[in-house]
Every structure is written in structure tokens, then in C-alpha cells.
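First the structure, in the form of C-alpha cells, and then the observations on it.
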Amino acid sequence: MRVNFELRKNILIIKLRCDLDHHNTELIRELLDYNIEKKEVQHALFDMEDVSFMDSSGIGLILGRYKKIKAKKGRVGFINLSDDILKIMKISGVFLLAKLYDSEKEALAHLSKGEEV
Amino acid sequence: MRVNFELRKNILIIKLRCDLDHHNTELIRELLDYNIEKKEVQHALFDMEDVSFMDSSGIGLILGRYKKIKAKKGRVGFINLSDDILKIMKISGVFLLAKLYDSEKEALAHLSKGEEV
Amino acid sequence: MNDFVHLTFNASSDNEQFIRTAASAFALRLNPTVQDIYEVKTIVSEAVTNCIIHAYEENKEGVIEVQMSIQDDEMNIYIKDFGCGIDDIEQAMEPMYTSKPEKERSGLGFSIMQQFSDDMTVKSGKGEGTEIRIKKKIKKEE
Amino acid sequence: MNDFVHLTFNASSDNEQFIRTAASAFALRLNPTVQDIYEVKTIVSEAVTNCIIHAYEENKEGVIEVQMSIQDDEMNIYIKDFGCGIDDIEQAMEPMYTSKPEKERSGLGFSIMQQFSDDMTVKSGKGEGTEIRIKKKIKKEE
Ligand SMILES: Nc1ncnc2c1ncn2[C@@H]1O[C@H](COP(=O)(O)OP(=O)(O)O)[C@@H](O)[C@H]1O
Ligand SMILES: Nc1ncnc2c1ncn2[C@@H]1O[C@H](COP(=O)(O)OP(=O)(O)O)[C@@H](O)[C@H]1O
């Protein structure tokens with residue numbers, strides 16, 4: 001399995017488990033959208049613990065999903081970023097739109113409280 | 001470090017810690033011989049735990065060291081072989097000359113007792 | 001005599017992971033830091049992905065060349081395709097510019113390649129394919 | 001269109017580890033068993049080592065080609081050098097035969113390649129370089 005999903009109230013935890021390159025983003029995009037578009041889902045939390053590589057295709061994937069969540073007036077968060085992934089994500093400016101949390105617990109609390117990024 | 005040595009009485013434990021291909025066997029051959037030729041050494045025990053790849057160059061290296069130990073009227077043993085390495089070593093017939101032991105303890109006891117292979 | 005490897009392969013997205021692994025395996029002889037390995041992988045991943053998506057528009061029959069060589073502590077990487085080419089290189093290299101927003105491209109490929117390289121030159125023209133030359137200094141792992 | 005990769009590299013022993021890694025990275029798309037990965041790595045390692053030691057007698061300037069392609073569940077591997085060639089192929093393929101016992105060669109390279117392949121053909125002649133073609137069925141990891 002390249003992705004695991006877990007729903008906590010209205011927050012979808014998306015645990016990505018593959019290299020986020022062009023090849024894999026093509027394979028998982030629809031699956032992500034299928035889950036994000038479920039009506040119970042408002043916010044998304046990306047758990048990047050098992051992502052060992054990500055390039056600009058991965059950034060494209062994440063920005064695309066960000067837009068879907070935004071359309072639902074939801075928020076996006078990240079946890080468990082390695083230094084390398086963090087570097088790529090900083091280049092992308094994605095942290096202007098979504099927040100990096102120190103733990104799942106913290107992320108779940110903040111996302112559901114409706115706090116602004 | 002590609003190799004660790006440890007002397008137990010007259011048994012030299014040789015812990016190999018690299019792929020045993022042509023490139024690495026060229027790099028470690030002299031170091032092995034330098035240690036084997038020390039006068040305290042009579043037997044050799046190869047610990048293969050950290051060898052994740054071995055091809056016929058590795059077999060050549062081992063047979064060459066076997067000859068040096070044999071010249072000292074010593075014996076050679078092996079421990080910690082993965083299935084893959086075991087397969088390659090079986091093809092080589094090296095087990096007609098040297099024995100595979102289940103543990104370091106067993107190997108040390110048998111090698112020093114002067115038991116025949 | 002400096003070590004080199006030339007690779008020629010078809011424009012299949014399965015080859016993206018292959019070329020990353022090959023690039024890091026080639027760099028290994030310089031005993032690179034983990035960070036430099038990551039950057040080398042990212043550089044070739046971005047460049048080869050561009051060949052697949054842009055140069056050949058996902059036609060798997062397209063041919064991609066990657067050449068890597070080592071000179072002292074520097075790695076030279078050359079990526080070439082025989083695809084559609086780039087009309088306006090300056091525009092293409094702008095951060096966030098992409099000709100394929102509908103494919104969710106972020107337009108950051110060139111920016112990332114540039115940030116991770118010590119030197120990068122792009123040679124291209126409409127219908128002439130694209131060649132990218134990169135130099136990257138590799139720091140040794142202590 | 002079947003995926004392929006052609007590699008050309010110089011006869012440096014540093015390239016032995018590179019080519020093993022590249023071969024296993026290429027095979028990965030077939031979702032192979034750990035055992036098949038090991039066997040693919042061993043096949044190319046033996047063949048490329050022979051090019052370095054025998055064909056070019058450790059002259060790093062020698063050029064080696066490795067081509068890999070996939071057809072259904074089968075991997076085709078082709079290894080070519082432009083070195084000294086083999087005079088007596090039958091003798092060379094005998095288990096334990098080596099022309100370089102002083103280099104502690106075990107003479108088992110060809111035997112191992114053969115055991116790990118489903119089909120192997122060797123084409124060579126004195127002064128004509130050597131070509132080896134291997135077919136290997138890849139079992140899928142469950
Ligand atoms: N190899 C190539 N062949 C043709 N066009 C290319 C190539 N590489 C890049 N381009 C063009 O340059 C633009 C910017 O590339 P890049 O910065 O990597 O962003 P992205 O790949 O996300 O579009 C692409 O959208 C494309 O129009
Ligand atoms: N690429 C090659 N070019 C020239 N001679 C070769 C080549 N490959 C193998 N040979 C010859 O075949 C012999 C047997 O090869 P092999 O079974 O791999 O054993 P080894 O490499 O241990 O000698 C070699 O000793 C050499 O004489």
C-alpha cells in the first residue's frame with residue numbers, strides 16, 4: 001500500500017508511504033481525491049514519516065490537494081518531515097499555505113480548532 | 001572499516017564488513033594476510049554477518065586465505081551466513097574444506113579442539 | 001582516466017526511480033554526505049521527469065540520455081532528450097512557470113535543479129531537444 | 001514498448017558496485033523476490049568483473065556495455081566488452097577453470113552466471129571482445 005488513510009472526526013490523516021516522484025504521484029492522485037472528497041472530510045493532515053524522497057512532482061501533488069481542501073474551507077497540516085523533505089517543501093513555499101506540526105496530537109488539536117495558519 | 005579482527009587464543013576471528021566483490025577483495029587481501037601471518041594465529045573464523053553480497057571474487061579470496069591457514073596446519077570456520085551467501089558458498093565447494101558453525105561459541109570450541117572437518 | 005557512466009533509456013516513468021538509484025550509486029565512490037546524495041537524486045529526477053512529461057509528452061518510446069562523470073570532487077551530470085525542445089528558455093526557468101498546469105506541475109523543477117547544483121546550463125530550441133549540463137561539488141562524509 | 005536501459009561505462013572496479021545497484025534498480029519494476037534480485041546482481045557482477053580483469057586486464061580505459069530490457073516476466077541482460085576475447089569458450093566455461101590463478105580467481109564466474117540464469121550464450125573470439133546474452137525469469141514477490 002502506497003497510502004494509508006485514517007479519519008479522525010473531520011480530519012483525514014493521509015500517511016504517504018512511497019517516493020513522491022512523478023511516477024508515484026500519478027498512481028495515487030485519484031485515490032487521494034476519492035478520499036478527500038468524502039463528505040465527512042474537511043481538513044487533511046499529511047504524515048510524511050515514510051516518504052524518503054520527494055521532488056517537484058510531489059510538491060505539485062500536495063498543492064493540488066491543498067486546493068481541494070481549501071474549496072471545502074478546510075486546512076492542511078504536515079507531520080514527520082525529514083530534513084531533506086523539509087528543504088524541498090521550503091523551496092516550494094507550501095508553508096505559506098499549510099502548517100508543519102511537531103506531533104499528530106498537536107496537529108489534530110489545531111486543525112479542528114479552526115486556527116488560522 | 002571493512003574488516004574487524006579479534007584474536008581468541010590462536011583463533012583469528014575475521015569479521016568481514018563489506019560486499020565481497022572484486023573491488024573490495026583487492027582492497028582487503030593484504031590486510032587479511034598481514035593478520036593471518038602473525039605467529040599467534042593458527043585458525044581462522046570468518047564472521048559473515050555484515051556481508052550482504054558475495055560473488056566468485058569473494059570465493060577466490062576465501063580459498064586463498066584457506067591455503068594460508070592450511071599451511072599453518074590450522075582450520076577455517078564460518079558463522080552467520082545469509083541464505084544468499086550460503087548458496088554461493090555451496091556452489092564453490094568451500095564446505096569440503098571448512099565448516100559452517102551455528103554460533104561463535106561453538107566455532108571457537110571446535111576449532112581449538114582440533115576436530116577434523 | 002576519470003570514471004564515467006553513460007545511460008540511455010526509454011521515457012518510461014518506471015525509469016525515474018531507476019535513474020535516481022543509478023545516480024546515487026555512481027556518486028557513492030566520492031563518499032558523499034547524505035545530503036549531497038539526496039540533491040544528486042533530486043537533480044536527475046527533475047531533469048528526467050521533464051524529458052518524460054514535457055519533451056515526449058509521456059510517449060514511452062522517447063529516448064533519454066544521462067551521462068555522469070567524476071572529476072576530482074565534482075560530479076558532472078548531462079541529461080539530453082530528443083523531444084519538442086524549449087522555445088523560451090528564460091521563461092521556462094522562471095520559478096513557478098509551467099506549461100502544463102493542468103498536469104499539476106509546480107513549475108519548480110528548474111529552480112530546484114539550480115539550487116542543488118553549482119553550475120547549470122540549458123541548451124534547447126523548438127524541435128531540437130534539450131540538453132542540460134550540471135556541475136555539482138560533492139562534500140565528503142566525515 | 002518494453003522498458004530498456006543501456007549503460008556504457010569504463011572498466012573501473014568502482015563501477016562493479018554501481019552496475020549491481022543499477023541492475024537491481026532496473027529489475028525492481030517487476031516486483032522481484034529478494035532471491036531474484038540477488039541473482040541478477042550476481043550475474044552482472046560476475047560478467048562485469050570478467051570484463052575488467054580478463055578483457056582489459058585492469059586497464060580502466062576499457063569500455064563496457066550492459067543492456068537490460070524487460071519482456072513480460074523476463075529480464076534480458078547483455079554484457080559486451082571490446083577486450084582480448086576468449087580463444088577457447090568451452091574451456092573458459094568449465095567450472096574451476098581460470099586463466100588467472102595468480103590473481104586468486106576461482107574460475108567459478110561462468111558457472112555461477114549459468115546457474116542463476118535461465119539461458120546464457122557467449123559469443124567471443126581472440127581479439128574480438130566478448131558478448132554475453134542472458135535471459136532470466138523473474139518471480140514476483142507475493
Ligand atoms: N526537457 C524538456 N523539454 C521540453 N520542455 C521542457 C523540458 N524541461 C522543461 N521544459 C519546459 O520548462 C517548463 C518549466 O520546467 P520546470 O521548472 O521543471 O517545471 P514543471 O516541470 O513543473 O513544468 C516546463 O513546464 C516546460 O514547458
Ligand atoms: N570478458 C572476458 N574476456 C576475456 N576472457 C574472459 C572473459 N570472461 C571470461 N574469460 C575467460 O574465461 C575464464 C573463466 O572465467 P570465469 O568462469 O568467470 O572464472 P574467473 O573469472 O574466476 O577466471 C577466465 O579465466 C578468462 O580466461
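- Contact of B:Ile62 with chain D is not made at all, since no heavy-atom distance falls under 4.5 Å.
- Contact annotation: the side chain of B:Arg29 approaches that of B:Arg65 to within less than 4.5 Å [non-hydrogen atoms, C-beta and beyond].
- With a threshold of 4.5 angstrom between heavy atoms, D:Lys41 approaches chain B through its backbone and through its side chain.
- Both the backbone and the side chain of D:Asp14 come within less than 4.5 Å of a heavy atom of chain B.
- Per-residue heavy-atom pair counts under 4.5 Å with chain B were compared for D:Gln17, D:Glu46, D:Gln115, and the maximum is reached by D:Glu46.
- For the pair B:Phe46 and B:Ile13, the minimum side-chain heavy-atom distance is 4.5 Å or more.
- Neither the backbone nor the side chain of B:Thr25 comes within contact range of chain D; no heavy atom of the residue lies under 4.5 Å from a heavy atom of that chain.
- Within the 4.5 Å cutoff, the side chain of B:Val3 has heavy atoms near those of the B:Phe5 side chain.
- When heavy atoms are compared at a cutoff of 4.5 Å, D:Thr49 approaches chain B solely by way of its side chain, counted from C-beta outward.
- For D:Arg29 and D:Phe26, the positive end sits near the middle of the six-membered ring, less than 6.0 Å away and at most 45° from its axis.
- D:Ser124 pairs with exactly one of D:Thr130, D:Asp87, D:Asp88 by the side-chain hydrogen bond (donor to acceptor under 3.5 Å, both in side chains) rule, that one being D:Thr130.
- Highest contact tally toward chain D, considering only B:Gly64, B:Ser56, B:Ser57, is held by B:Ser56 [criterion: heavy-atom pairs under 4.5 Å].
- In this structure, no portion of B:Lys67 lies under 4.5 Å from any heavy atom of chain D.
- Applying salt bridge (Lys or Arg N to Asp or Glu O under 4.0 Å) to D:Glu39 and the options D:Lys139, D:Lys136, D:Arg20 leaves one that passes, D:Lys136.
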